[in-house]
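In what follows, every chain begins at residue 1, and chains take the letters A, B, ... in the order their sequences are listed. Since the model is a prediction, treat every value here as computed from it, not as a measurement. Keep in mind that the numbers below use all heavy atoms, side chains included, and drop hydrogens, waters and symmetry copies.
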Amino acid sequence: MKYYAPKGLSDILPEEIPYWHAVEGEVRSAMSSYNYREIRTPMMEKTEVFARGVGEDTDVVSKEMYTFDDKGGRSMTLRPENTASVVRAYLEHKFFGKEELSKWYYVGPMFRYEAPQKGRSRQFHQYGAEAIGSDDPALDAELITLAIDILTSLGLEDVGLKLNSIGCPADREDYIEELVSYLEPKQEGLCADCQERLTTNPLRILDCKNETCQEIVKDGPVMTDHLCEDCQVHFDEVKSYLGELEVDYVIEPKLVRGLDYYTKTVFEVFSEDLGAQDALVGGGRYDGLVELFGGEPTPAVGFAGGIERLVLLLEELERVSHSGEGLDLYVATIDEESKKVAVKIQRELRKVGLITEVDYLGKSLQGQLGYADRYDAKYTAILGPRELEDDELTLRNMESGDQIKVSLDNYVEDIGKRITD
RNA sequence: AGGAGCGUAGCUCAAAGGCAGAGCACUGGGUUGUGGUCCCAGUUGUUGCGGGUUCGAUUCCCGUCGCUCCUCCCA
């Protein structure tokens, strides 16, 4: 074969589509119950939207962006995530003046240039929600329950919630200072990446998987001990709301997340049933992002979930039903004369909503019945010289094998009634 | 970016230097106009690509492309 889809970009084939529809359907229905409205932003932005919004030193920006120059010489980037675009759109269309709290959701493709593996591809799909305009901890809890409700309504039960607070920028500054002064004397023991991170992004050392780094970090300062009173109260309130909502969680002090814009609450929902890439949903509060883009200081919180990973789980659980996709009626024909009548009959029945098919492969009657069987046809109409002679068709119930004659004068009503029973 | 594994029929996989096979699927027949089960027959190949070793390579070697999984990070 000469042509392949580019590495990391894959086709979603017809047989997988039921899973996608199941996920997208649950997402839309949950979002709408929670009163989030859909927004669709462009699939690409000027590179600086992500570079500034997500943060220059993050993995996403520093090594995973699909960036190219357009014909006007502008640097463009396929969106690696959608929060930066949503905030850009919020400001561009001046929603701060239109509504006090903007609750939006999105579903669509994202792009990150990485080596593909299970649960990770270069084009992948996320659903996500953003609530811009409130610092109420109850809103943090709402986003978390929204994320979890989508998963449980799809039938997933073995999901866990990791929760942490990384405080406000001032808290982080204090904490980073202390972390760095704790780590500097031990610098030699850190892995090469972490020695680099010590100057670029010390927080990321916390979730380095390297064992010796973990050993060193284990006895170091903990973020949640360095929250200012405001952030501490907020964190406590989030936990208290989650308690009220009976949501189980684990406090994960080392959860810092890969994007620079987060403040206060951060969380991750994961599954034990996935491979190495087990994060299903990630999110948190980003009180500084609107201001970073030039708006008034505006608190906000959101999350994003990966559809591919959900589909993987649903396929393993076989939770999605494939029934109801068969044909209502197959119209089998014997000769050219009957085929001409068959296409007219088929069109009339399709107009009333039946799923029908005729033979386009020149199959024998036997072959046509085999085809009807394979595609789970409820009924097969048989049309040949004998039927045309009497101005009727033979209607075969494919389950029982019973056959009756139906007049060509009122077949639409007659057949329609039998099939919808 | 690094590590490991795998590329043979439409699909799932055998053949381990000596005639490229099986199951499923597909087509026809048993049924001159009737599916599912059954029986019979038939079709299907640049063994990913290029080179090397050999009398002979799907098999061994080198290269290359592709896929998959893993490390890192994340959705």
Side-chain angles (χ1 to χ4, degrees), chain A residues 1-10 15 23 54 58-64 79-83 107-128 147 151 191-194 196-197 201 204 207-211 213 255-259 268-271 274-283 303-313 327 330 332-335 338 361-389 393-403:
Chain A
M1 197 62 70
K2 197 172 168 187
Y3 297 108
Y4 319 84
K7 183 195 274 284
L9 314 188
S10 52
E15 53 263 41
V23 171
V54 177
T58 61
D59 284 354
V60 169
V61 171
S62 64
K63 52 189 196 200
E64 295 168 6
R79 60 184 189 187
E81 57 101 52
N82 210 18
T83 302
V107 181
M110 308 292 159
F111 303 84
R112 289 183 201 176
Y113 193 91
E114 292 185 90
Q117 65 188 74
K118 184 175 185 181
R120 172 196 285 165
S121 52
R122 290 184 177 178
Q123 176 180 337
F124 60 105
H125 298 76
Q126 287 187 326
Y127 57 92
L151 302 177
C191 69
D193 283 344
C194 285
E196 177 79 22
R197 286 170 181 142
N201 200 343
R204 299 221 55 81
D207 63 2
C208 179
K209 296 294 190 295
N210 185 296
E211 270 183 39
C213 295
L255 179 67
V256 294
R257 307 206 40 79
L259 313 179
E268 211 168 279
V269 182
F270 63 98
S271 164
L274 281 168
Q277 313 305 327
D278 68 346
L280 284 170
V281 174
F303 74 79
I307 298 182
E308 277 80 357
R309 290 176 191 183
L310 255 178
V311 168
L312 275 176
L313 287 174
L327 297 172
Y330 185 93
T333 53
I334 307 288
D335 56 9
S338 53
L361 299 170
K363 285 179 188 285
S364 64
L365 179 60
Q366 193 177 168
Q368 293 180 58
L369 279 156
Y371 189 94
D373 186 46
R374 237 172 298 126
Y375 287 87
D376 287 329
K378 295 190 189 88
Y379 284 86
T380 295
I382 299 168
L383 268 178
R386 287 183 212 155
E387 283 81 4
L388 293 187
E389 184 76 24
L393 56 77
T394 299
L395 187 65
R396 180 181 178 85
N397 181 320
M398 293 300 279
E399 202 183 330
S400 65
D402 298 340
Q403 297 194 167

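- For G29(B) and G66(B), the C1' atoms lie 42 Å apart once the distance is rounded to whole Å.
- Nearest-nucleotide positions on RNA chain B place Tyr371(A) closer to the 5' end than the other of Tyr371(A) and Glu308(A).
- Side-chain atoms of Lys363(A) lie closest to U27(B) of the nucleotides G33(B), G29(B), U27(B).
- As rounded to the nearest Å, G35(B) and G18(B) have C1' atoms that lie 46 Å from one another.
- Remark: ring of Phe124(A) stacked against base of A75(B); centroid gap under 5.5 Å, plane tilt under 30°.
- Residue Arg112(A) contributes atom CZ, which lies 9 Å from atom C1' of C73(B) at whole-angstrom precision.
- Within 4.0 Å (heavy atoms only), Asn82(A) reaches no atom of the nucleic acid at all.
- Side chains of Leu369(A) and Thr380(A) form a contact here, defined as non-hydrogen atoms less than 4.5 Å apart.
- Tyr375(A) and Tyr330(A) have their aromatic ring centers separated by at least 6.0 angstrom.
- Within the nucleic acid shown, Glu399(A) comes within 4.0 Å of at least one base atom, counting heavy atoms only.
- Thr58(A) comes within contact range of no nucleotide atom at all, as no heavy-atom separation falls under 4.0 Å.
- Nucleotide C72(B) holds its P atom 12 Å from the CG atom of Asp59(A), rounded to whole Å.
- A donor and an acceptor atom never sit less than 3.5 Å apart when one is taken from the side chain of Glu114(A) and the other from the base of A1(B).
- Side-chain contact annotation: Thr394(A) with Glu387(A), donor-acceptor N/O pair under 3.5 Å present.
- Comparing G7(B) with U58(B), their P atoms sit 15 Å apart, to the nearest whole Å.
- Separating the P atom of G28(B) from that of C61(B) is a span of 46 Å, rounded to the nearest Å.
- At the heavy-atom level, Gly401(A) lies under 4.0 Å from base atoms of the strands shown.
- Comparing A1(B) with C72(B), their C1' atoms sit 10 Å apart, to the nearest whole Å.
- A75(B) atom P lies 16 Å from atom CG of Leu313(A), rounded to whole Å.
- The distance between atom CD of Gln368(A) and atom P of G28(B), rounded to the nearest whole Å, is 11 Å.
- A donor-acceptor contact under 3.5 Å links the side chain of Glu387(A) to the base of G33(B).
- The nearest heavy atom of RNA chain B to Gly367(A) and to Ser400(A) marks one nucleotide each, and the one closer to the 5' end goes with Gly367(A).
- At a cut-off of 3.5 angstrom, counting only N and O atoms as typed in the model, there is a donor on one side and an acceptor on the other between the side-chain of Asp373(A) and the base of G35(B).
- Nucleic acid contact for Ile382(A): base, since at least one base atom lies under 4.0 Å from a heavy atom of the residue.
- Across C67(B), A1(B), G33(B), the shortest atom-to-atom separation from the side chain of Ala115(A) is found for A1(B).
- To the nearest 0.5 Å, atom NZ of residue Lys7(A) and atom OH of residue Tyr113(A) are 8.0 Å apart.
- Under the 4.5 Å side-chain criterion, counting only non-hydrogen atoms from C-beta, Leu151(A) is in contact with Val269(A).
- Distance, Gln366(A) CD to C39(B) C1': 13 Å, rounded to whole Å.
- Side-chain contact check for Met110(A) versus Asn82(A): some heavy-atom pair is nearer than 4.5 Å.
- On a pure distance criterion of 3.5 Å, no polar donor-acceptor pair joins the side chain of Arg374(A) and the base of G36(B).
- Listed candidates were U34(B), A75(B), A1(B). Nearest to the side chain of Leu365(A) is U34(B).
- One interatomic measurement links the two molecules: CG of Leu393(A) to P of G33(B), which rounds to 19 Å at whole-angstrom precision.
- Contact of Gln117(A) with U68(B) (side chain to base): no donor-acceptor pair of N or O atoms is detected under 3.5 Å.
- One can place NZ of Lys118(A) at 7 Å from P of C70(B), the figure rounded to the nearest angstrom.
- Between Arg120(A) atom CZ and C72(B) atom P the separation is 10 Å, expressed in whole Å.
- Here Lys63(A) lies out of heavy-atom contact (under 4.0 Å) with every strand.
- Residues Glu114(A) and Arg120(A) are paired through a salt bridge, judged by an N-O separation under 4.0 Å between the basic side chain and the carboxylate.
- For A75(B) and G17(B), the P atoms lie 49 Å apart once the distance is rounded to whole Å.
- Against the 90° criterion about 0, the sugar-base torsion of A15(B) places it in the anti range.
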